[in-house]
Amino acid sequence: MEKDLQAIVAQAEASLQSIASRADWEQAKASVLGPNGALTQAAKGIADLPKEEKPAFGQALNQAKGRIEELFGNALAALDERADLESLGEKVDPTLPSTCSLNGGTHPLTDVRRRIVSIFRKIGFTVAEATEVETEWFCFDALNTPEDHPARDAQDTLFFPPDSQWSNVSRKGKEAHVLRTHTSSVQIRSLLVESPPLRIIAPGRCFRRDTVDATHSANFHQTEGLYVDRKVTVRDLKGVLDYFLKELFGNKLETRLRPSFFPFTEPSFEVDLKGPNLGKLSDRWIEIMGCGMVDPEVLRLVDLDPAEWTGFAFGLGIERVAMILHGIDDIRHFYQNDQRFLAQFSSGS
Ligand code: PHE
């Protein structure tokens with residue numbers, strides 16, 4: 001008798017293999033569980049069994065019924081799923097590639113940084129890096145920035161507590177650690193490990209205690225440049241920056257140097273540019289970067305003789321370049337990770 005029950009389960013399983021519709025399923029179910037179904041008929045046989053065999057048969061019957069109901073339940077779920085997919089109006093071929101392909105892309109700041117670096121690489125500059133945590137000596141003293149300079153004020157610079165430990169950031173003495181306010185500290189780190197002639201470009205992240213608005217961020221990016229050699233002049237500075245800015249903003253660009261002041265360069269300049277391809281900013285002078293001839297005092301502080309060595313340095317904001325290049329009017333767009341903003345740059349440029 002129990003063999004019969006197993007055969008009925010196997011038969012139910014086999015019949016479910018060939019069903020294609022809800023009607024097929026109903027019919028298959030009736031042939032096993034309906035009033036004249038195989039299992040219902042088999043159950044009737046219990047009446048003819050000797051009394052002591054009845055409990056075991058009853059148990060086997062319940063088991064078979066449970067298994068059969070499970071099989072029919074699964075088959076029905078599979079049918080419903082297929083019907084859902086078909087109601088989408090298309091046959092689903094799971095081997096086809098997805099139609100939705102959102103490709104990843106480069107962040108506009110990464111893209112601009114790479115462009116700047118590749119332009120300077122062509123004329124022999126190499127990339128230098130240093131840590132974002134710095135010390136007061138590298139960020140200020142070695143750059144000829146006096147103790148009472150406003151940039152050193154706790155209002156402008158983020159200082160670490162005196163007992164903080166930074167085993168990977170060497171100090172001159174016992175000076176405080178800070179988050180670097182500019183990439184100019186990389187000038188000093190580089191001059192201390194490499195003798196001139198030296199040509200470096202140093203992109204990196206900087207930090208200032210600025211209140212965030214459309215043009216300020218407490219956390220932003222700069223690229224430093226430094227060239228130290230014998231007999232470097234302002235002509236070299238102007239020539240290199242003209243080449244760089246034309247590569248970046250187009251050949252029709254005009255540039256001018258305007259006198260300025262930085263403690264670590266003498267003379268110091270702001271570079272302005274004017275050109276036809278600058279969107280809303282076209283055809284008027286706009287400020288782009290600071291630069292100047294390395295102050296002799298800076299060379300002395302890294303043990304170079306200013307009578308033998310001269311150089312120029314410059315620093316520019318990567319956000320500023322990206323904003324001018326792409327006509328972006330609010331610096332905060334760069335940090336909000338809004339796909340609608342980022343997707344505009346995802347092909348790279
Ligand atoms: N470090 C200056 C700044 O952050 C820029 C600069 C760099 C100026 C190198 C001159 C030379 O504003």
Side-chain angles (χ1 to χ4, degrees), residues 113 116-117 120 125 127-132 134-146 149-153 155-158 178-191 196 198-210 215-229 232-234 236-242 244-245 255-273 286-299 301-302 306 309-321 323-324 331:
R113 186 196 74 219
I116 294 171
V117 166
F120 278 102
F125 282 70
V127 172
E129 281 186 312
T131 48
E132 291 164 4
E134 259 304 347
T135 82
E136 272 194 289
W137 191 79
F138 287 91
C139 208
F140 303 120
D141 299 87
L143 288 159
N144 196 34
T145 308
H149 192 279
R152 300 183 67 149
D153 200 289
Q155 293 285 321
D156 290 315
T157 299
L158 292 149
V178 296
L179 281 172
R180 68 178 177 198
T181 54
H182 52 183
T183 43
S184 299
S185 52
V186 190
Q187 290 186 33
I188 307 302
R189 296 267 174 201
S190 301
L191 286 169
L198 178 94
R199 267 175 288 187
I200 55 144
I201 186 95
R205 190 184 283 262
C206 307
F207 307 82
R208 286 185 199 170
R209 283 193 69 173
D210 264 332
T215 52
H216 294 86
S217 164
N219 177 220
F220 58 98
H221 301 80
Q222 284 190 337
T223 294
E224 195 76 8
L226 174 71
Y227 176 35
V228 177
D229 203 339
V232 179
T233 67
V234 176
D236 299 310
L237 167 63
K238 178 89 163 73
V240 165
L241 292 184
D242 274 358
F244 160 64
L245 293 168
T255 61
R256 72 179 182 195
L257 296 183
R258 200 161 27 82
S260 184
F261 176 80
F262 299 102
F264 35 92
T265 46
E266 182 56 39
S268 303
F269 308 98
E270 292 289 346
V271 186
D272 293 340
L273 46 81
I286 46 178
E287 187 180 307
I288 182 77
M289 63 200 285
C291 65
M293 303 305 292
V294 179
D295 194 297
E297 190 54 26
V298 173
L299 295 170
L301 284 162
V302 292
W309 300 106
T310 45
F312 64 72
F314 55 86
L316 86 159
I318 294 183
E319 281 83 348
R320 177 143 181 82
V321 172
M323 286 169 86
I324 295 172
I331 199 170

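Atoms within a ligand are numbered from 1 in the order they appear, just like the ligands themselves.
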Visitor: With heavy-atom distances below 4.5 Å as the criterion, would you say the side chains of T135 and F140 are in contact?
Guide: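 No; the side chains remain at least 4.5 Å from each other.
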Visitor: Under a 3.5 Å threshold, yes or no: a donor from one side chain and an acceptor from the other, between H182 and Q222?
Guide: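 Absent: no donor and acceptor within the cut-off.
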Visitor: Between F314 and F244, what is the ring plane arrangement, given parallel below 30°, perpendicular above 60°, and tilted in between?
Guide: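 Correct class here is parallel.
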Visitor: Please list, one pair per line, the donor and acceptor atoms closer than 3.5 Å that link side chains of residues 286-293 to other protein atoms, with sequence neighbours excluded.
Guide:
unit_1: E287; atom_1: OE1; unit_2: R258; atom_2: NH2; d: 3.3

Visitor: Are there any N/O pairs under 3.5 Å between ligand 1 and the protein, and if so, what are their distances?
Guide:
unit_1: ligand 1; atom_1: 1 (N); unit_2: H182; atom_2: ND1; d: 3.0
unit_1: ligand 1; atom_1: 1 (N); unit_2: S184; atom_2: OG; d: 2.9
unit_1: ligand 1; atom_1: 4 (O); unit_2: R208; atom_2: NH2; d: 3.0
unit_1: ligand 1; atom_1: 4 (O); unit_2: Q222; atom_2: NE2; d: 2.9

Visitor: Around atom CD of E297, are there more than 12 heavy atoms from other residues, nucleotides or ligands closer than 6.0 Å?
Guide: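 Enclosed.
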Visitor: Answer with yes or no whether the side chains of T255 and D242 bring together a donor and an acceptor at under 3.5 Å.
Guide: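 The criterion, which ignores hydrogens and geometry beyond distance, is satisfied for T255 and D242.
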